Amino acid sequence: IINNNSQKTYLLVGATSSVADRVELHSVLMENGMVKMRPVDTITLLPQQQVALQPGDLHLMLIDVNIELTKDTLVPICLEIKDSANICMD
């Protein structure tokens, strides 16, 4: 969950991780009775709101992961926020 506790709208425009060659922002939608994932350019972070990144909805997709992941693996991620500092989590 990303909390925007400010009075300003921010745009999540990308992410990076040391455990993957690249990280994409994705959404999930229903199309012709099929669930499909689609890359998105940005995720809007509205003032005083939160956005949940989770399976079946908005999420980060790690591409070409270079370690073995399990459901308990903690992955370092840096979120790229337009016109703001990156937010990195270990």
Side-chain angles (χ1 to χ4, degrees):
I1 294 177
I2 302 171
N3 290 305
N4 180 0
N5 296 321
S6 77
Q7 298 300 320
K8 181 179 176 184
T9 296
Y10 288 98
L11 296 176
L12 174 60
V13 295
T16 59
S17 176
S18 60
V19 304
D21 286 349
R22 70 182 195 275
V23 180
E24 296 179 354
L25 310 176
H26 276 219
S27 67
V28 175
L29 57 99
M30 183 70 75
E31 187 176 282
N32 298 322
M34 301 278 296
V35 176
K36 296 189 177 189
M37 288 184 285
R38 295 281 189 247
V40 295
D41 293 329
T42 61
I43 295 174
T44 302
L45 309 172
L46 296 173
Q48 301 298 313
Q49 299 289 319
Q50 61 183 8
V51 173
L53 300 179
Q54 59 193 0
D57 202 352
L58 294 172
H59 62 276
L60 301 177
M61 177 70 74
L62 280 68
I63 309 294
D64 294 328
V65 175
N66 55 40
I67 66 168
E68 185 174 330
L69 297 175
T70 68
K71 67 180 181 88
D72 296 321
T73 304
L74 297 177
V75 175
I77 294 278
C78 285
L79 302 177
E80 300 169 4
I81 310 296
K82 184 177 180 180
D83 299 328
S84 186
N86 290 352
I87 300 168
C88 295
M89 299 154 279
D90 291 327

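Quick caveat, the model's predicted, so the values are computed rather than measured.
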Are there over 12 heavy-atom neighbours, none belonging to L74, within less than 6.0 Å of that residue's CG? no
Looking at P76, is its backbone amide N or carbonyl O close enough to the side chain of S17 to form a donor-acceptor pair, meaning the two atoms are under 3.5 Å apart? yes
Report the distance from atom CG of L79 to atom CD1 of I87, rounding to the nearest 0.5 Å. 6.0 Å
Could you give the side-chain donor-acceptor pairs of residues 1-15 under 3.5 Å, partners two or more places apart or in another chain?
from: N4; atom 1: OD1; to: S6; atom 2: N; distance (Å): 3.0
from: N4; atom 1: OD1; to: S6; atom 2: OG; distance (Å): 2.6
from: N4; atom 1: ND2; to: K8; atom 2: O; distance (Å): 2.8
from: N4; atom 1: ND2; to: L45; atom 2: O; distance (Å): 2.9
from: N4; atom 1: ND2; to: L46; atom 2: O; distance (Å): 3.2
from: S6; atom 1: OG; to: K8; atom 2: N; distance (Å): 3.1
from: S6; atom 1: OG; to: K8; atom 2: O; distance (Å): 3.2

Shared ILVMFWY cluster between M89 and L58, side chains joined below 4.5 angstrom? yes
Between the OG atom in S18 and the CG atom in N66, the distance rounded to the nearest 0.5 Å is 7.0 Å
Connected via hydrophobic side-chain network under 4.5 Å: V28 and L53: no
Are I81 and V40 connected in the hydrophobic side-chain network, where two residues link if heavy atoms are under 4.5 Å apart? yes
Tell me if the CD atom of Q54 is crowded by more than 12 foreign heavy atoms within 6.0 Å. yes
Identify the two heavy atoms, one from E80 and one from T16, that lie closest to each other, and give their separation to 0.1 Å. OE2-CG2, 3.1 Å
Testing the basics here: between D64 and R22, what is the closest heavy-atom pair and its distance to 0.1 Å? OD2-NH1, 4.3 Å
Do you know which of D90, L60, V19 makes side-chain contact (heavy atoms from CB on, under 4.5 Å) with V75? V19
Looking at M30, I'd like to know if its CE atom is crowded, meaning that more than 12 non-hydrogen atoms belonging to other residues, nucleotides or ligands lie closer than 6.0 Å. yes
What about V35 and M37, same hydrophobic cluster or not, with Ile/Leu/Val/Met/Phe/Trp/Tyr joined at side-chain heavy-atom distances under 4.5 Å? yes
